[in-house]
Amino acid sequence: MPDETPRWRQRFADNREARDWNLASLLMSLPLLLVGSYYYGANALRTAVVAALAAALCEWAAARLILRKRTIDDWNAVVTGIWIACMLPAEVKSTFAAPVYAAIGAIFAVLVVKIPFGGTMHAPFTPAAAGLAFLTVCFPKTVFNYLPSAQVPPLYNQSLARMLQQGRSVMDGRQLSGILLGQTAGPMGTGCILLIATALLASFMIKKRRGAALVSLAFIVTVAVLSFLMPRVTGAGAGVRLASAGMELCSGSLLFAAVYLLPDPAIMPQRWHTRLGFGSLAGLLCVTMRQLGNLQQGSYEETVWFAVLLADAFMPLLYRLQAEIRNQQEFRERVEAMTAEERLEIVSKKEKEEQQRREADNA
Amino acid sequence: MPKAQPSRRWLADAALHNPVLVQAAGLTAIIVAATTLQGALLVSILAGLHLVLCEVLASLMKRVPQWLRAAVYTAIGLAIACPAAFLLENLMEYLSASEALSALASALAPLRVFLPLMAVNALTAMRCERYAILHTPGDALRDALANALGYAAAALLVGGVRELLGYGSLGGVQLSQTLRIRGAWMPFGGFLLLGAMAALLKAALRALSVRGIYRGAEKALELAPEDRLERLEKTRQLLIAEVREAMETKNEHEMKNKEPDKESFDEAVAEILEEVDEAKQPEEGIEEEQAAPETPPPRPRIPIEDILLELELEELLDEFRGTEA
């Protein structure tokens, strides 16, 4: 089996490039945090800071003890913590406060997904997505318990994802601006669709992030098309389908996952066509899970992080298939370049081996 | 060459070659059924009983063909699993009738599925085929007890931690009302916990091994060079015997009608001899210096590389024995 690890995993030449990438991601995430803190007050910032600190401390200690090297210089732990906080509610009515759950998710992401595999550039799954998946499975009532913002009251008393599960449509031109600005019940940092769309546009304009933007775009287009074809909103007509597709894209953490989680440089493929395939696969998985969730009572209202993890899991298989196809092509070219005598030599050698194997079996 | 004797440290082998954490066998029952301490205890008892009976019988079935031995292990497993399933059903009815014990009933529910599967436990087949069939019933019994103890220790630890984190109780005694992590009693929690425990065990064994080697090296420094040479020679003979036994065990099962892979065995032995010879070189230098009585001989030291080489040799032996560290 060909070892693809050096070529497609270690994407950055040195730690400085990885640090630059993560600092840019952090910069792109800060406006979402600011909007979240405007809506939900100091709780949002507190949750994010606690999660980032927990992730950073955990990575520093674990990397020192287990990996025997320093890995927090690339700032990935801080980014992971902040992304986990962004995808959680700012306030929860539960046993522990929101920062505690964010810290648990961040510690899980670092200790289980990053450190055992050698650090950021070797992790087979997106750490933030894994952290959220863990929190969703362990504390589902807490993760989806969205308390309304005191500063800016939400437009609806339920989240868009919950309304989609019930088949309700709310896409009204008058309230579209409120939806785009994040005035809906949901995670504290993923509701402002306008900011996330701006981050996506900015990724297209920065040369080094264009590949990441391609993955995000493929995901978004796939989700939009499939949601249009299979609307969860009850009703008929193109208007209903459009409303359903719009709601799917604006609900939960879908757009956030598309722009921030999915294009992980450690996992994302290198070629543009493979990137499109990766993004489309994640989109297909996300829509499938949401559709199946509609059929089952009590299913999670948001499953995008599971889709991201599944798509990440498919990547090594994809690379092995690519390597196999490439090997076969090279073999075919080599055979075509051979002379007739060389081909005859190889064939007679194979026949001799086959004969020996048959004799050994008979014996 | 004398046949290597079975290890007398059979209790220590329960940790060193733990069937769950090192050999990664019999994981299914632990991951799915050991969600509480009671469930883990039941799984351990059944697995231990199955292992002991099968290994002792396997040591007496040396002439039975391999294809038939697998059926015998399964039959023994069924003979244990069927009565246990019957007893469990009655127990579940009794527990479900009581409000206080209904939680225990739901915790033991996964065992209903896994009791018949215990009849085809991978751990039993592995130990019987790799060890019991080649040794006497006494040695097979010792090996079965060691592995059953190791299995029980791992299962009880996993079950206890999962019950504590998932239900906030231990052994049915409620300790905490607030601690409830659903993922702890789910299979993925079991996998994560087993992985973490395996890593901790390996780290602990490595630390103890290094400390033991350093202590051994310190004592060796106090020995005279001739005694040290004799000690190295004995170690070399022991290592060769262990490697030979491991290769014979492996070859007997993997290449029945073919001759053993002599080349790879000779290579392995040559490597060991080379490494031990390299370790001997400083002592040879010291012996020459001692021929001139006026100059005091330099204090001999065993280089750190040799100590680390010993560690790697142990892992090499583990590989040949088929254990996964």
Side-chain angles (χ1 to χ4, degrees), chain A residues 58 61-68 92-97 100-105 107-118 123-125 127 129-145 298-300 305-306 309-310 313 356-363, chain B residues 21-22 24 31-32 35-36 158 161-169 174-208 210-211 251 254-263 304 308 311 324-325:
Chain A
C58 203
R64 208 180 147 91
L65 287 169
I66 299 168
L67 300 179
R68 310 290 169 105
V92 293
K93 269 190 186 168
S94 188
T95 318
F96 304 110
V100 175
Y101 292 102
I104 292 172
I107 291 169
F108 178 87
V110 167
L111 281 185
V112 176
V113 181
K114 278 178 70 171
I115 296 295
F117 298 98
F125 302 103
L132 249 301
F134 175 73
L135 289 173
T136 305
V137 168
C138 292
F139 313 105
K141 289 185 183 158
T142 307
V143 169
F144 300 120
N145 185 13
S299 57
Y300 306 131
W305 30 80
F306 296 112
L309 293 175
L310 268 177
Q356 280 172 358
R357 209 179 300 132
R358 262 189 248 123
E359 279 168 11
D361 286 341
N362 288 340
Chain B
L21 301 177
V22 176
I31 283 166
V32 181
T35 54
T36 58
V158 167
V161 172
R162 287 173 88 184
E163 187 181 354
L164 193 62
L165 294 176
Y167 301 107
S169 65
Q174 198 70 34
L175 297 175
S176 162
Q177 293 290 343
T178 54
L179 191 62
R180 291 270 196 284
I181 303 176
R182 285 175 81 228
W185 47 262
M186 286 185 173
F188 94 89
F191 273 116
L192 289 175
L193 195 57
L194 276 176
M197 282 168 57
L200 280 170
L201 177 67
K202 188 174 177 189
L205 287 175
R206 197 181 279 270
L208 285 170
V210 170
R211 213 193 305 168
N251 290 336
E254 284 185 4
M255 297 180 278
K256 271 188 301 189
N257 295 325
K258 298 179 192 172
E259 285 188 7
D261 191 354
K262 197 169 177 304
E263 276 183 18
I304 299 291
L308 293 178
L311 268 178
E324 285 183 11

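Throughout, protein chains are lettered first and strands after them, A, B, ... in sequence-line order, and every chain is numbered starting at 1.
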Under 4.5 Å, heavy atom to heavy atom, which residues of residues 187-197 of chain B contact chain A?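 Hits under 4.5 Å: B:Phe188, B:Leu192.
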Write out the donor-acceptor pairs between chain B and chain A under 3.5 angstrom, atom names and distance to 0.1.
residue	atom	partner	partner atom	Å
B:Arg182	NH1	A:Val137	O	2.9

ring-ring contact (aromatic ring centres under 6.0 Å, His included) partners for A:Phe108, two or more places apart: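 So A:Phe108 forms a ring-ring contact (aromatic ring centres under 6.0 Å, His included) with A:Phe134.
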Closest heavy-atom contact between B:Gly183 and A:Val137?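 Scanning both residues completely, I find the closest heavy atoms to be CA-CG1, 4.4 Å.
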Quick one: list whatever passes side-chain contact (heavy atoms from CB on, under 4.5 Å) with A:Ile66, sequence neighbours left out.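 A:Ile66 satisfies side-chain contact (heavy atoms from CB on, under 4.5 Å) with A:Ala62, A:Ile115 only.
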